[in-house]
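Below: the structure, in structure tokens.
Order of the sequence lines sets the chain letters (A, B, ...), proteins ahead of strands, with each chain counted from 1.
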Number of protein chains: 2
Amino acid sequence: MTQVRPMRADARRNYERLLKVAAEAFAEHGENASLDDIAKRAGVGSGTLYRHFPTRQALLEAAYVDRIEALGTRADELAKELPPGEALAEWLYEVCVGTIQVRGMKALLGSAVSDGTNVTLTVCGTHMKSAAQRLVEAAQQEGTLRKDIEPIEVLRLAHGVSTASELANGQGKHIRRYLSLLTDGLRPAAQGE
Amino acid sequence: MTQVRPMRADARRNYERLLKVAAEAFAEHGENASLDDIAKRAGVGSGTLYRHFPTRQALLEAAYVDRIEALGTRADELAKELPPGEALAEWLYEVCVGTIQVRGMKALLGSAVSDGTNVTLTVCGTHMKSAAQRLVEAAQQEGTLRKDIEPIEVLRLAHGVSTASELANGQGKHIRRYLSLLTDGLRPAAQGE
DNA sequence: TACTAAACGGAGACAGTCCCCGCTTACCTC
DNA sequence: GAGGTAAGCGGGGACTGTCTCCGTTTAGTA
């Protein structure tokens, strides 16, 4: 219903520029990169930046949607290549790697799966949740994942694993280990689910 | 070796004041509470604050050492009251609760178990690690915890669980659940440790 | 070519960090 | 108690970052 009058050419140009520069800046300096600095590097005034992206979150999300979408696609690829349980495990691994390696993604993924009152970040959250849901349900069908676990819980726990790996430093060297410790806990136990 | 000339009376007074106010401020506003504001509330100039506590970390640590020490004591109490496995589980639960409920503790506990190059935060890190070590070793003796797990890893994973629970919101309502998922993964699996 | 609404941009108000250095005062000595 | 002195104080101010406001510029249209 929103009137979708096409963006003016200069506006579109600035928008793209900002996205490109922002992705670089967040990757380099983390989620707290200076916004005025991003504007400057993109060759626009800070007013322009704030008009296009009212909050840091908005910019962060816009800068990384494509990566998030790529994770969604990746989920489907893995679902075709591997048995459900392994597909889920591998996907979570890749999610964790992204979380740690691309500084700035952590904040985005974190708020994407958070239950806060900020209704803002629908896009990324939706993508991640639907991808997780497909893999989780398949694994549950297969019997390699407890039935009482929600897709979003898996995402939150993966975020926890990322945090733990980050503390251990070493560029995510510990992700596989911590993730497998978690996965063992997720499998149906001998005495029943 | 360090010359331990006793603090001047006014200095000591200010020091105590700052600690008290800082603990309140961090609890209320999280780890990013304004330092100048803390100084003001304590009735001292900001110079005084920065002389006593050169970094935010230093103040954070000083403000919460007693809580950390309490966690150490608590570990021993639990070790007496419960079988090792349960003692460890309960202790981790209390650690997570502290992490979530007292805003500001999270940053402190996080850097206490991080592997970063900042050698600063020895005190809290040491306390936590030694407490964890006692419980972990006992549980391993008992056979309720995999032998290939380091005490510090347990602390890092607990931090991850805190993060995950925080995302779920609800004031730590999910800690027990997420922690038990993790614990199940830590138990020796049927096919061997 | 002229018009107008959309978009720009940067000055400036505000908030936080942290240092510097002239001033104050607790403590010691006599 | 008086005086000397170094320990300690404190707030002004430089700096960095956020975010808004509004006069100016310009793309798109007729």
Side-chain angles (χ1 to χ4, degrees), chain A residues 2-63 103-104 107-108 111 118 120-121, chain B residues 2-63 103-104 107-108 111 118 120-121:
Chain A
T2 324
Q3 193 71 358
V4 268
R5 178 189 300 252
M7 245 179 179
R8 232 171 72 171
D10 54 346
R12 156 139 259 111
R13 207 163 42 234
N14 286 332
Y15 185 92
E16 309 283 1
R17 275 297 264 303
L18 281 169
L19 279 191
K20 188 165 161 294
V21 172
E24 289 168 16
F26 285 135
E28 188 174 351
H29 301 109
E31 57 159 334
N32 289 321
S34 160
L35 295 185
D36 274 28
D37 194 56
I38 289 176
K40 202 162 289 170
R41 281 211 255 166
V44 305
S46 48
T48 301
L49 184 152
Y50 286 99
R51 193 165 343 93
H52 285 304
F53 310 100
T55 65
R56 179 181 294 275
Q57 273 301 329
L59 179 55
L60 199 52
E61 181 162 21
R103 309 191 55 189
L108 177 55
S111 51
N118 47 342
T120 344
L121 349 122
Chain B
T2 325
Q3 194 68 0
V4 268
R5 179 189 298 253
M7 245 177 180
R8 231 170 74 171
D10 53 346
R12 156 139 258 113
R13 208 162 43 234
N14 286 332
Y15 185 92
E16 308 283 0
R17 274 298 261 305
L18 281 168
L19 279 192
K20 188 165 161 294
V21 172
E24 287 168 16
F26 285 135
E28 187 175 351
H29 301 109
E31 57 160 333
N32 288 321
S34 160
L35 296 185
D36 275 29
D37 194 56
I38 289 176
K40 202 162 288 171
R41 280 211 255 167
V44 305
S46 49
T48 300
L49 185 151
Y50 286 99
R51 193 167 342 94
H52 285 305
F53 310 98
T55 65
R56 180 180 294 274
Q57 272 302 330
L59 179 55
L60 198 52
E61 180 160 22
R103 308 192 54 189
L108 177 55
S111 52
N118 48 341
T120 345
L121 350 121

_Minimum-distance pair of heavy atoms, taken over all atoms of B:R56 and B:A33_ = NH1-O, 2.9 Å
*Nearest nucleotide by nearest heavy atom, which residue falls closer to the 5' end of DNA chain C, A:T48 or B:P54?*
A:T48
*Round to a whole Å and report the spacing from CZ of A:F53 to P of D:dT20.*
16 Å
*asked:* Would you say A:H52 places a side-chain N or O within less than 4.0 Å of OP1 or OP2 belonging to C:dA7?
replied: no
*asked:* Listing request: all side-chain hydrogen bond (donor to acceptor under 3.5 Å, both in side chains) pairs with a residue in residues 6-20 of chain A, at least two apart in sequence or in separate chains.
replied: A:R8-A:D10, A:R12-A:E16
_Just the rounded figure in Å: distance from P of D:dA7 to CG of B:N14._
17 Å
_Minimum heavy-atom distance between B:L18 and B:A39, given as atom pair plus value_ = CD2-CA, 4.2 Å
_Nearest heavy atoms of B:S111 and B:Q57, plus distance in Å_ = OG-OE1, 3.5 Å
*Atom CZ of B:R56 and atom P of C:dC19: how far apart are they, to the nearest Å?*
13 Å
*Just by protein heavy atoms under 4.0 Å, how would nucleotides 22-27 of chain D read 5' to 3' in B, S and -?*
----BS
*asked:* If I take atom OH in residue A:Y50 and atom P in nucleotide C:dG9, what distance separates them, rounded to the nearest angstrom?
replied: 15 Å
*Please list, chain by chain and in numerical order, all residues satisfying salt bridge (charged side-chain N to carboxylate O under 4.0 Å, His left out) with B:D36, sequence neighbours excluded.*
none
*To the nearest Å, how far apart are A:R17 CZ and C:dA7 C1'?*
16 Å
*What is the distance, rounded to the nearest whole Å, between atom CZ of A:R12 and atom P of D:dG28?*
12 Å
*Return the minimal non-hydrogen interatomic distance between B:A11 and B:H52, and the atom names on each side.*
O-NE2, 3.8 Å
_Listed partners of B:A22 passing side-chain contact (heavy atoms from CB on, under 4.5 Å), at least two apart_ = B:F26, B:I38, B:L59, B:A63
*Can you name the nearest heavy-atom pair linking B:E24 to B:R41, along with the distance?*
OE1-NH1, 4.4 Å
*Figure out the CG/C1' separation between B:L49 and D:dG10, and round it to whole Å.*
12 Å
*Residues from residues 36-46 of chain B sitting under 4.0 Å of DNA chain C, heavy atoms only?*
B:D36, B:S46
*asked:* Can you list, in residue-number order, the parts of residues 21-35 of chain A that come under 4.0 Å of DNA chain D, counting heavy atoms only?
replied: A:A33, A:S34, A:L35
